[in-house]
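Reading through the structure tokens given below for one structure.
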Amino acid sequence: MPRPQGELTIQTLAMPGDANPAGDIFGGWVLSQMDIAAAICAGQRADGRVVTVAINAMSFLLPVFVGDVLCVYTKVSKEGRTSVAIELEAWAIRGRIGEQVKVTEGVFTFVAIDDKGKPRSLPKPA
Ligand SMILES: CC(C)(COP(=O)(O)OP(=O)(O)OC[C@H]1O[C@@H](n2cnc3c(N)ncnc32)[C@H](O)[C@@H]1OP(=O)(O)O)[C@@H](O)C(=O)NCCC(=O)NCCS
């Protein structure tokens with residue numbers, strides 16, 4: 001039985017307002033939840049402000065439905081001088097209480113920035 005990889009970073013309910021015209025959840029909403037979760041993870045590693053510089057990989061594996069609980073798991077997969085790559089998986093709990101299935105996966109890269117918006121070095125790992 002596959003299990004989510006990484007740390008549970010956000011959990012939210014897919015609402016009717018997040019649906020596309022066909023009634024399933026809009027991919028852009030899922031992507032946005034992943035960007036938020038990855039920013040939390042990257043911001044913790046960078047100990048401060050970060051910006052998304054790239055979505056290096058993104059796969060939509062299964063649809064998300066209204067009433068699913070979307071759970072986004074994150075982990076740092078690579079570090080550079082100022083950048084950090086975050087590996088993500090989103091899992092949906094069907095109808096809030098049903099089975100949990102992997103719906104997306106991706107890799108997003110963030111850059112730590114200073115108060116002028118310029119790249120700054122990542123702090124040493126805690
Ligand atoms: C992110 C930003 C500050 C980087 O500034 P920059 O002057 O291009 O910085 P650099 O060229 O020195 O690159 C900084 C780091 O980003 C990495 N990087 C740049 N582009 C990248 C890409 N497409 N994919 C992966 N990493 C990338 C570089 O490798 C470097 O990493 P390192 O220091 O760990 O080696 C700037 O591009 C920016 O402000 N972009 C807009 C960010 C934003 O608004 N995001 C939200 C979009 S809605």
Side-chain angles (χ1 to χ4, degrees):
M1 193 69 180
R3 302 284 310 154
Q5 300 295 306
E7 186 174 339
L8 179 60
T9 309
I10 60 170
Q11 209 176 9
T12 187
L13 183 63
M15 301 288 279
D18 306 317
N20 62 27
D24 296 338
I25 293 300
F26 175 49
W29 178 81
V30 178
L31 186 98
S32 161
Q33 301 308 311
M34 293 173 73
D35 194 31
I36 292 167
I40 292 171
C41 179
Q44 286 168 347
R45 171 61 190 91
D47 198 20
R49 197 169 152 204
V50 292
V51 284
T52 316
V53 71
I55 294 179
N56 308 97
M58 180 73 211
S59 301
F60 293 93
L61 308 172
L62 287 173
V64 179
F65 303 119
V66 172
D68 287 354
V69 173
L70 189 78
C71 306
V72 185
Y73 296 82
T74 63
K75 69 175 174 204
V76 171
S77 62
K78 199 171 135 199
E79 295 184 9
R81 188 180 72 81
T82 66
S83 68
V84 56
I86 308 297
E87 235 173 70
L88 298 132
E89 293 184 357
W91 290 65
I93 302 174
R94 296 298 192 202
R96 296 184 216 189
I97 52 170
E99 65 167 340
Q100 191 175 21
V101 292
K102 181 152 92 163
V103 291
T104 67
E105 60 191 16
V107 180
F108 295 8
T109 301
F110 289 76
V111 175
I113 54 167
D114 62 20
D115 54 10
K116 295 191 175 62
K118 299 291 177 207
R120 66 178 166 87
S121 297
L122 292 173
K124 286 197 168 63

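Order of appearance sets the numbers: ligands from 1, and atoms from 1 within every ligand. We number each residue from 1, following the sequence as shown.
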* For side chain to side chain contact (heavy atoms under 4.5 Å, CB included), just list the numbers for Phe65 and Val103, CA-CA rounded to whole Å, side-chain angles, deciding distance to a tenth of an Å, and then say yes or no. => CA-CA 11 Å; Phe65 303 119; Val103 291; over 6 Å; no
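- The closest donor-acceptor contact from the side chain of Glu89 to the backbone of Gln5 lies under 3.5 Å.
- In this structure, atom 41 (C) of ligand 1 has no protein heavy-atom contact shorter than 4.0 Å.
- For Phe26, the CZ atom counts as loosely surrounded, since its 6.0 Å shell holds 12 or fewer non-hydrogen atoms of other residues, nucleotides or ligands.
- Looking at atom 26 (N) of ligand 1, its nearest protein heavy atom turns out to be Thr109 CG2, 3.8 Å.
- Residues Trp29 and Ile40 share a single hydrophobic cluster, defined by chaining ILVMFWY side chains whose heavy atoms lie under 4.5 Å apart.
- Looking only at distances, a side-chain donor or acceptor of Arg120 sits under 3.5 Å from a matching main-chain atom of Ala46.
- Here the heavy atom of the protein found nearest to atom 37 (O) of ligand 1 is Val53 CG2, 4.4 Å.
- Closest to atom 31 (O) of ligand 1, if we only count protein heavy atoms, is Ser83 OG, 3.2 Å.
- Atoms of ligand 1 lying under 4.0 Å from at least one heavy atom of Gly117, given by number and element, are 3 (C).
- Of the possible donor and acceptor atoms, none in the side chain of Arg96 sits under 3.5 Å from a partner among the backbone N and O of Asp68.
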* Assess whether salt bridge (Lys or Arg N to Asp or Glu O under 4.0 Å) is satisfied between Arg94 and Glu99, documenting all intermediate values. => CA-CA 6 Å; Arg94 296 298 192 202; Glu99 65 167 340; 5.6 Å; no
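- Across Gly6 and Tyr73, no two heavy atoms sit closer than the pair O-CD2, 3.7 Å.
- Between Val84 and ligand 1 there is no heavy-atom distance shorter than 4.0 Å.
- Remark: the backbone N or O of Pro123 is paired with a side-chain donor or acceptor of Arg45 at under 3.5 angstrom.
- Contact annotation for atom 29 (O) of ligand 1: protein absent (non-hydrogen atoms, distance under 4.0 Å).
- The closest protein non-hydrogen atom to atom 7 (O) of ligand 1 is Pro119 CG, 4.3 Å.
- Counting protein heavy atoms under 4.0 angstrom from atom 9 (O) of ligand 1 gives one or more.
- Under the 3.5 Å distance criterion, the side-chain polar atoms of Thr9 are matched with a main-chain donor or acceptor of Glu7.
- Protein heavy atoms are found inside the 4.0 Å sphere centred on atom 5 (O) of ligand 1.
- For atom 34 (O) of ligand 1, the nearest protein heavy atom lies under 4.0 Å away.
- Residue, atom and distance of the protein heavy atom nearest to atom 14 (C) of ligand 1 are Thr82 OG1, 3.5 Å.
- Taking atom 47 (C) of ligand 1 as the reference point, the nearest protein heavy-atom neighbour is Thr52 O, 4.4 Å.
- Taking a distance limit of 4.0 Å, we find that atom 1 (C) of ligand 1 is approached by some protein heavy atom.
- Counting protein heavy atoms only, atom 22 (C) of ligand 1 is closest to Ala54 CB, 3.7 Å.
- At the shortest separation from atom 16 (O) of ligand 1 among protein heavy atoms lies Val111 CG2, 3.2 Å.
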